Protein chains: 2
Amino acid sequence: MKMVINIKSKRSLADRLSAYLSGHGFKSTRQRDSIIRIFSESGRHLSADELHALVKKTAPGIGYATVYRTLKLLSEAGLAHESRFEDGFTRYELSETTAHHDHLICTGCGHILEFENKEIEQLQKVVARKNDFHVTSHKLEMYGFCGECSRKRKK
Amino acid sequence: MKMVINIKSKRSLADRLSAYLSGHGFKSTRQRDSIIRIFSESGRHLSADELHALVKKTAPGIGYATVYRTLKLLSEAGLAHESRFEDGFTRYELSETTAHHDHLICTGCGHILEFENKEIEQLQKVVARKNDFHVTSHKLEMYGFCGECSRKRKK
DNA sequence: GTAGGTGCAAACGCTTTGCATCTGG
DNA sequence: CCAGATGCAAAGCGTTTGCACCTAC
């Protein structure tokens, strides 16, 4: 019997996108490849405009629409996170492989739900910066009742 | 010597606005009064569009521009908070007299800074809703080093 | 060959602004 | 009176969409 060694390395974003594309009847194109590559090479949060400007350097003809459509696609594929910021721009962030998460704690049944919220994390950084504070760790907990316990209590 | 008794009651929003207006060379107008009144009578978060619709019921001729300009004014006066939400609308919330606050805890000197962040609060509600969770209380704590302790540690 | 993608420009939806007119102090 | 406010319509601005042409599969 042959042992298949499954090297559980992080799959590159390009790989993950390819898998998503072929799995959903979409095509892999030159433009999408450029956008993905530039996006993953660059810093974290990018607006469509910023990304378009970067991509245009290596793929001059590319249009805004393609960038927007690709970003939508990435979001739908769960490979990017889209969030509106106070400056009026929507920025995109590539998904991490592992992520910090916080907790929803049910005081009814003791069940703990995990969640992660990049926007809260981001805002926490802003709060820290405003207060001239260097954060080493943080904890966000919400206490209350899970859906099931909530419904039980209403009876 | 005459003693001035300073009754520290909560001033109404209208009062606080009036004070701001007269203190900054602005005029008090029928339209502004309507907007303020309707806004404070209604629920918490309103988009300009929602507010305009409400105000139009009692002040038919009012235009969007006036609503927008008044909301800007309120924000600048510190009487309202403006925040962009994921639905693409900017919503406004009247400032509270007292507000929930969270903590920045310095592990260097034990000093505790308080902060409040409406956006984080709002996002917590979104997280709860997404998880079918009814929140009764929450706690957000950030641990780290205050500006002073940060600088000491670098030496 | 054909479903799907691209680029362009026009359309969209929310917000801001220019301008003529009006009004509070 | 006149600085500031209003209402309207037009302009802005980020994003989406319609359409003719193109390309990966």
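Computed from a prediction, not measured in an experiment: that's the story for all the values here.
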> Between atom CZ in R32(A) and atom C1' in dT6(C), what is the gap in whole Å?
Replying inline: 10 Å
> Once each nucleotide of nucleotides 16-25 of chain D is scored for protein heavy atoms under 4.0 Å, what B/S/- sequence comes out, 5' to 3'?
Replying inline: BBB----BBS
> Checking E50(B) side chain against S47(B) main chain: does a donor-acceptor pair fall under 3.5 Å?
Replying inline: yes
>> Could you tell me how far apart E76(A) (CD) and dG4(C) (C1') are, to the nearest whole angstrom?
In response: 15 Å
>> Quick check on dA5(D): is either OP1 or OP2 less than 4.0 Å from any side-chain nitrogen or oxygen of T66(B)?
In response: no
>> Are there runs of at least three consecutive Watson-Crick or G-U pairs touching DNA chain C, with each pair's two distances under 3.5 angstrom? Give them by first number.
In response: C:1-25 with D:1-25
> I62(B) CD1 to dA5(D) P: how many Å, rounded?
Replying inline: 14 Å
> Using a side-chain heavy atom cutoff under 4.5 Å and only I, L, V, M, F, W and Y, what cluster partners does Y64(B) have?
Replying inline: Y68(B)
> When the distance from NE2 of H24(A) to P of dG5(C) is rounded to whole Å, what number comes out?
Replying inline: 13 Å
>> By the salt bridge (charged side-chain N to carboxylate O under 4.0 Å, His left out) test, which pairs, at least two apart or in different chains, include something from residues 25-39 of chain A?
In response: R37(A)-E41(A)
>> Applying salt bridge (charged side-chain N to carboxylate O under 4.0 Å, His left out) as the test, list every pair that has at least one member in residues 58-72 of chain A; sequence neighbours left out.
In response: K72(A)-E82(A)
>> Let's go through I120(B) and Q124(A) carefully: what are the C-alpha distance in whole Å and the side-chain angles of both, what is the deciding distance for side chain to side chain contact (heavy atoms under 4.5 Å, CB included) to 0.1 Å, and is it a yes or a no?
In response: CA-CA 8 Å; I120(B) 291 178; Q124(A) 287 177 13; 4.0 Å; yes
> Roughly how many Å is it from CD in E50(A) to C1' in dC13(D), rounded to a whole number?
Replying inline: 15 Å
> Can you tell me how far the CD1 atom of I62(B) sits from the CG atom of L54(B), to the nearest 0.5 Å?
Replying inline: 11.5 Å
> Within the side chain of S40(B), is there an N or O that forms a donor-acceptor pair under 3.5 Å with the backbone of I36(B)?
Replying inline: yes
>> Working to the nearest 0.5 angstrom, can you tell me the gap between E121(B) CD and H138(B) NE2?
In response: 3.5 Å
> Over how many whole Å does the gap from L74(A) atom CG to dG5(C) atom P extend?
Replying inline: 13 Å
> With distance as the sole test, does H24(B) use its side chain to make a donor-acceptor pair with the main-chain N or O of Y20(B) at under 3.5 Å?
Replying inline: yes
> Any side-chain heavy atom of F26(A) within less than 4.5 Å of one from L73(A)?
Replying inline: yes
>> Starting the side chain at C-beta, find the nucleotide from dG7(D), dA5(D), dT15(C) nearest to Q31(B).
In response: dG7(D)
>> Counting C-beta onward and ignoring hydrogens, is there a side-chain heavy-atom pair between V55(A) and F39(A) closer than 4.5 Å?
In response: no
>> If you take any heavy atom closer than 4.0 Å to DNA chain D, which residues from residues 51-61 of chain B end up in contact?
In response: G61(B)
